[in-house]
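Some notes on the structure that comes next.
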Amino acid sequence: MLEIQKIRENKDFIINRLNEVRKIDLSDTVNKIYKLDEQKRETQQKLDSSQAQLNLLSSQIGGLFKNGKIEEANSLKIQTALIKDQIKQTKEVYSKLESSIDELFCLIPNVPNELVPSGISENDNEIVSSSEINKDDFKSFVPHWDLCQKYNLIDFELGVKISGAGFPVYKGKGARLQRALINFFLNEASEIGYQELLVPHLVNEKSGFGTGQLPDKEGQMYHTEKDNLYLIPTAEVPITNIYRDVMVNINDFPIKHVGYTPCFRREAGSYGKDVRGLNRLHQFDKVEVVQITHPEKSYETLNEMVKYVESLLEKLELPYRKLKLCGGDLGFTSALTFDLEVYSPGQDRWLEVSSVSNFETFQSNRLKLRFKDGKKTKLAHTLNGSALALPRIMASLLEINQDEKGISIPKILIPFTGFDRIEN
RNA sequence: GGAGAGUUGGCAGAGUGGUCGAAUGCGGUGGUCUUGAAAACCAUUGUGCAGCAAUGUACCGGGGGUUCGAAUCCCUCACUCUCCGCCA
């Protein structure tokens with residue numbers, strides 16, 4: 001959620017940025033907030049002075065009672081009735097204004113950073129760098145779902161039986177390879193100072209709101225009605241919410257966490273080749289890195305995180321490309337996002353395996369995640385990135401390392417898998 | 001699932017109708033002492049909102065009520081803890 005101060009000071013700038021970069025017109029909403037905020041402040045001044053009057057009278061009455069001047073006290077009491085009525089009315093106006101403002105605020109996404117290219121859809125994303133792909137090398141390569149069946153690594157049908165489409169069952173070396181990847185990712189992150197966390201997979205409503213999934217993406221999360229809990233769509237939610245309502249010590253920056261969790265997404269409305277095999281699942285595994293930083297350091301941190309994710313892909317020897325998301329494809333809560341995509345030779349397409357974002361104060365404003373900078377209390381910056389999402393890594397890895405007889409495991413993973421080949 | 005207890009400032013913990021935004025301790029910050037550190041001592045130290053400021057106002061889990069006046073009384077919801085039951 002944007003801060004109200006930003007709208008007070010830079011209303012037109014915000015409208016223009018959203019318009020130019022995200023290609024959405026929120027001028028009505030922003031202007032409305034601006035006006036309502038003015039009204040709210042006026043109302044508050046009125047309310048405050050009424051309260052002050054009442055407080056004064058009350059203490060006078062108290063004094064009179066103490067001195068036994070009951071009659072005088074009673075006559076003052078009569079005066080309070082009018083003020084109390086006024087306060088009640090003003091309060092109502094005030095809280096109505098407040099809730100209208102809050103509602104409108106939930107409609108406004110983060111303001112894109114100046115580096116974000118303008119654009120409407122994923123087609124307008126900027127390709128920052130890319131591995132060379134020689135398609136001739138992959139002419140006979142088959143997609144991962146064929147490999148999974150051939151070598152009995154992942155059973156999609158079985159998942160349909162016990163849960164539904166999008167819930168695959170990993171088997172034997174398939175399951176082992178998955179576990180190896182998780183361990184590899186966790187180890188790598190730990191080694192460069194991310195503290196490992198194992199967090200709940202169900203979260204409450206407050207947490208969903210804190211990181212911005214609610215109310216924006218309500219329909220994308222699984223919800224347990226009886227207990228009013230949400231299955232996490234990413235580890236970002238529980239991990240970042242650890243710092244909800246927390247005053248961080250400035251010396252603790254940067255705060256770095258890594259966590260592995262399964263992720264649950266309803267993915268309503270997806271279909272076709274997008275959901276084939278491991279391309280898009282309702283449940284998948286992901287290792288996530290989260291950082292909380294001083295506002296002045298957050299973009300430095302973002303670059304560092306992107307580089308880290310790239311280093312993982314390089315160690316796995318997977319061809320990948322780096323995208324800078326355009327305004328239209330940028331997440332609701334993000335100010336700047338880089339996506340990493342790996343190449344899938346069996347499908348001849350790029351698959352998103354990581355999204356690294358700086359949310360600036362958008363989340364921390366909701367979370368009330370702050371720190372003391374000298375005497376001033378300021379909002380921290382939050383960032384996170386997938387490092388990495390497993391299924392598409394698995395897809396690319398199986399496809400790219402295939403040969404006629406089987407699949408070779410990348411060198412770096414062999415200590416984790418305990419085998420270097422998958423064959424029948 | 002049944003019974004009971006609780007929720008107060010960064011933390012611990014007092015306060016049961018009127019200078020209580022809140023004692024006290026710990027922690028934090030500044031200082032004295034010291035070659036330096038520790039200890040000790042002194043001072044200072046909650047957050048939001050409005051305001052250029054002085055200041056005002058709100059906040060003792062959330063919401064509502066009683067009262068001239070509520071951390072304190074009443075209702076309600078949420079959460080936490082303890083015991084019993086069930087159980088990986």
Using the [atom1] atom as the reference point in each nucleotide, state the distance between [N] and [M] in Å, no decimals.
N: B:U7; M: B:G63; atom1: C1'; result: 16 Å
N: B:U72; M: B:G18; atom1: P; result: 12 Å
N: B:C26; M: B:A40; atom1: P; result: 9 Å
N: B:A71; M: B:C84; atom1: C1'; result: 33 Å
N: B:U57; M: B:G4; atom1: P; result: 42 Å
N: B:U76; M: B:G28; atom1: C1'; result: 39 Å
N: B:A22; M: B:U45; atom1: C1'; result: 15 Å
N: B:U19; M: B:A12; atom1: P; result: 27 Å

Strictly by Watson-Crick or wobble contacts shorter than 3.5 Å, is anything paired with [N], and which nucleotide is it?
N: B:C41; answer: B:G31
N: B:C59; answer: B:G46
N: B:G69; answer: none
N: B:C26; answer: B:G10
N: B:A3; answer: B:U82
N: B:A53; answer: none
N: B:U19; answer: none

- Task: Locate the shortest heavy-atom distance separating A:Gly210 from A:Asn241; write the atom from each residue and the value.
- Result: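 What the structure gives for the nearest pair is CA-OD1, 4.0 Å.
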Using only side-chain N and O atoms of [X], determine if any of them is under 4.0 Å from OP1 or OP2 of [N].
X: A:Arg370; N: B:G48; answer: yes
X: A:Lys84; N: B:U67; answer: no
X: A:Arg41; N: B:U57; answer: no

- Item | A:Lys91 NZ - B:G63 P separation (whole Å) |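 Value for this atom pair: 10 Å.
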- Rounded to whole angstrom units, what separation is found between the NZ atom of A:Lys69 and the C1' atom of B:C68?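 Rounded to whole Å, this separation is 17 Å.
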- Query: Around A:Leu56, counting heavy atoms of other residues, nucleotides and ligands shown, do more than 12 lie under 6.0 Å from its CG?
  - Reply: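 Buried by this count: over 12 neighbours within 6.0 Å.
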- Item | Enclosure of A:Lys32 NZ (heavy-atom neighbours >12, cutoff 6.0 Å) |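 For A:Lys32, atom NZ is not crowded (no more than 12 foreign heavy atoms under 6.0 Å).
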By nearest atom, which of the nucleotides [options] is closest to the [X] side chain?
X: A:Met247; options: B:U47, B:A58, B:C68; value: B:U47
X: A:Gln5; options: B:G18, B:C49, B:A58; value: B:C49
X: A:Thr377; options: B:U57, B:G48, B:G18; value: B:G48
X: A:Gln51; options: B:A58, B:C68, B:G48; value: B:A58

- Task: Select from A:Lys77 and A:Lys40 the residue whose nearest nucleotide in RNA chain B is closer to the 5' end of that strand.
- Result: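 Closest to the 5' end, via its nearest nucleotide, is A:Lys40.
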- Message: Counting the atoms with a prime plus P, OP1 and OP2 as sugar-phosphate, which does A:Gln45 contact under 4.0 Å by heavy atoms, base, sugar-phosphate, or nothing?
- Response: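 It contacts sugar-phosphate atoms only.
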- Message: Taking any heavy-atom pair under 4.0 Å as a contact, classify A:Asn55: base, sugar-phosphate, or nothing.
- Response: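 Sugar-phosphate, no base atom in range.
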- side-chain hydrogen bond (donor to acceptor under 3.5 Å, both in side chains) evaluation trace for A:Ser364 with A:Arg370: CA-CA 7 Å; A:Ser364 59; A:Arg370 298 165 300 173; over 6 Å; no
- Message: Taking the ring of A:Tyr243 and the ring of A:His257, is the distance between their centroids below 6.0 Å?
- Response: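 Centroid separation for A:His257 and A:Tyr243: below 6.0 Å.
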- Task: Indicate, with yes or no, if the rings of A:Phe253 and A:Phe371 have centres closer together than 6.0 Å.
- Result: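 Ring-ring flag for A:Phe253/A:Phe371: true, centres closer than 6.0 Å.
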- Message: Ring of A:Phe419, cation from A:Lys173 - is the NZ or CZ under 6.0 Å from the centre and inside 45° of the axis?
- Response: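 Yes, A:Lys173 sits over the ring of A:Phe419.
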